[in-house]
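The figures that follow rest on heavy atoms only: side chains count, while hydrogens, waters and symmetry mates do not. Worth saying up front: this structure is predicted, and the values here are computed from it rather than measured. Every chain is numbered from 1 and lettered A, B, ... according to where its sequence line falls, protein lines coming before strand lines.
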Protein chains: 2
Amino acid sequence: MVEHDIPRATAKRLPIYYRYLKLLLDSGTVRVSSNELSDAVKFDAATIRRDFSYFGALGKRGYGYDVEALMTFFGEILNQDTLASVALVGVGNLGQALLNFNFHQSSNARIAAAFDVNPDIVNTIQSGIPVYSLDDLEKQITDQRIDVAIVTVPADVAQDVAKRLATAGVRGILNFTPLRLDVPKSIRVQNVDLTNELQTLLYFINNFGEK
Amino acid sequence: MVEHDIPRATAKRLPIYYRYLKLLLDSGTVRVSSNELSDAVKFDAATIRRDFSYFGALGKRGYGYDVEALMTFFGEILNQDTLASVALVGVGNLGQALLNFNFHQSSNARIAAAFDVNPDIVNTIQSGIPVYSLDDLEKQITDQRIDVAIVTVPADVAQDVAKRLATAGVRGILNFTPLRLDVPKSIRVQNVDLTNELQTLLYFINNFGEK
DNA sequence: CGTTTTTTGTGAATGAAATAACAATTTTTT
DNA sequence: AAAAAATTGTTATTTCATTCACAAAAAACG
């Protein structure tokens, strides 16, 4: 595989490129230049060209990029052909919403199982997804070959859940709790801290916004 | 005000420091070192010291930082004393969840009004928050002196909503749509792209995870 | 078919953030 | 009270990311 030494920053932009290319293809657009892309996704055109260049020479000088070819290429890199099964741990407010949401925009991932301790919802189907007892975590993760988990449990049990997920063999965690999880470094943790996002926004507008 | 030239990266960490300091104070801890902080929040100790140093000499050599003093100091910087009113536009799955969530962990912001087009919920109270028609957006934003909005509408109307929010005088937008919004640069936009977070996580575990 | 225009791919320059390293200072210990 | 240990604040260094700028190549045009 060619892909190593892909900067983190570039990797984070790949799904955004992919999504926009899909849009272009659907609208019947055949070719696109780094400048047009730049307008849409709001990254500098040079950044885009540099990003693409890590994967080889994908474009044609004086022409631009072939939308379909580029989309197919990134689709493979992003494993759009294989469906990833995801677990959701903690069916509270946020968890419930994510169940409903189920990342429909992306066709290569779906929540396959949810877990909670609340007896009212354990062994029910929520938004089409079975909710299991937290006690069954390890068994279901193994049986269903799940390797990514979304964690939306209260902060005080997050670390414990993370540990259990790690033991159960999960390879990636999307962490919605404000805690920084301690996990073996073979496991990738992506933090999404909604309160922090809002706080940061408030800080910026309070301190640098032109009144 | 001393605060300018605070790097973005530092600003994003401030709420995290603040939150952990509050935890420490509640647990009765009087002093803390950059190394202890580092263990908890998982940033390098040098990074933490550097962050703090932008605000002056807050610690004491050989001792560390006084938890209460530091917390008070950051509390002021983060405007923990004044309550910010926030609007939520788009009460779908995610919007509904955020209403419920209402950022309770932070006491300086609360959702004061929600907006939607769905007649079933317009003029009802959802999770304790009044839902107005989208038509009333401008009026309510002005009347309630709201200057931050959370946007959880479908992608195809996001740009239009953003424009209206800008005109109505909002100064910050927390954008949950995958679109990059075009707004006057006096308005701060913070993007939260959940699908992208999951896609990026999948990319990393598929390409660099030790099988 | 030659000239002009467009646009890529990339070396070089710049910028931003993270980390290392350590003198300066205070605390703790003996 | 002296010696040892701890810990900051900051200078220097390194790493990572963005942007500039332009030669090379292809396309479009007249």
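Here CG of A:Asn93 is found 9.5 Å from CG of B:Leu98. Values are rounded to the nearest 0.5 Å. Interatomic distance, A:Ser33 OG to A:Lys60 NZ, rounded to the nearest 0.5 Å: 15.0 Å.
Within the 4.0 angstrom heavy-atom criterion, no nucleotide atom of any strand lies near B:Phe43. In this structure, A:Ser34 reaches the sugar-phosphate backbone alone: every heavy-atom distance under 4.0 Å involves primed, P, OP1 or OP2 atoms, never a base.
As a whole-Å value, the separation of A:Ile48 CD1 from C:dT10 P is 16 Å. Following rounding to the nearest Å, B:Asp51 (CG) and C:dA17 (C1') show an atom-to-atom distance of 10 Å. The interatomic distance linking B:Asp44 (CG) with D:dT15 (C1') rounds to 13 Å, in whole Å. We find that OH of A:Tyr63 is positioned 16 Å from C1' of C:dT5, with the value rounded to whole Å. The separation between B:Phe52 atom CZ and D:dT8 atom P is 9 Å, rounded to whole Å. Per the geometry, NZ belonging to B:Lys42 stands 18 Å off C1' belonging to C:dT19, to the nearest Å. The CG-P distance, from A:Asp66 to D:dA27, rounds to 12 Å in whole Å. Remark: P of D:dA17 and CG of A:Asp5 are 11 Å apart, rounded to the nearest angstrom.
Candidate nucleotides D:dT18, D:dA27, D:dT10 were compared by shortest atom distance to the side chain of B:Arg49, and D:dT10 ranks first. When distances are taken from the side chain of B:Ser53 to each of D:dT7, C:dT8, D:dG9, the shortest belongs to D:dG9.
Applying the 4.0 Å criterion to OP1 and OP2 of D:dT18, one finds that A:Thr47 has every side-chain N and O outside that range. OP1 or OP2 of D:dT8 has not a single side-chain nitrogen or oxygen of B:Arg31 nearer than 4.0 Å. OP1 and OP2 of D:dC16 both lie 4.0 Å or more from every side-chain N or O belonging to A:Tyr54. Side-chain N/O atoms of A:Lys60 include one lying less than 4.0 angstrom from OP1 or OP2 on D:dA27. Phosphate contact (OP1/OP2 of D:dA26, side-chain N/O of A:Tyr65, threshold under 4.0 Å): absent.
Annotation: A:Phe101 is in aromatic contact with A:Phe103 [ring centroid separation under 6.0 Å].
The base of C:dT19 sits with one of its N or O atoms less than 3.5 Å from a complementary donor or acceptor on the side chain of B:Arg50. A donor-acceptor contact under 3.5 angstrom links the side-chain atoms of A:Arg61 to the base of C:dT8.
A cation-pi arrangement is present between A:Arg31 and A:Tyr63, with the terminal nitrogen or guanidinium carbon under 6.0 Å from the aromatic centre and inside a 45° cone about the axis.
Sequence neighbours left out, the pairs with a member in residues 67-86 of chain A that pass ring-ring contact (aromatic ring centres under 6.0 Å, His included) are A:Phe52-A:Phe74, A:Phe55-A:Phe74.
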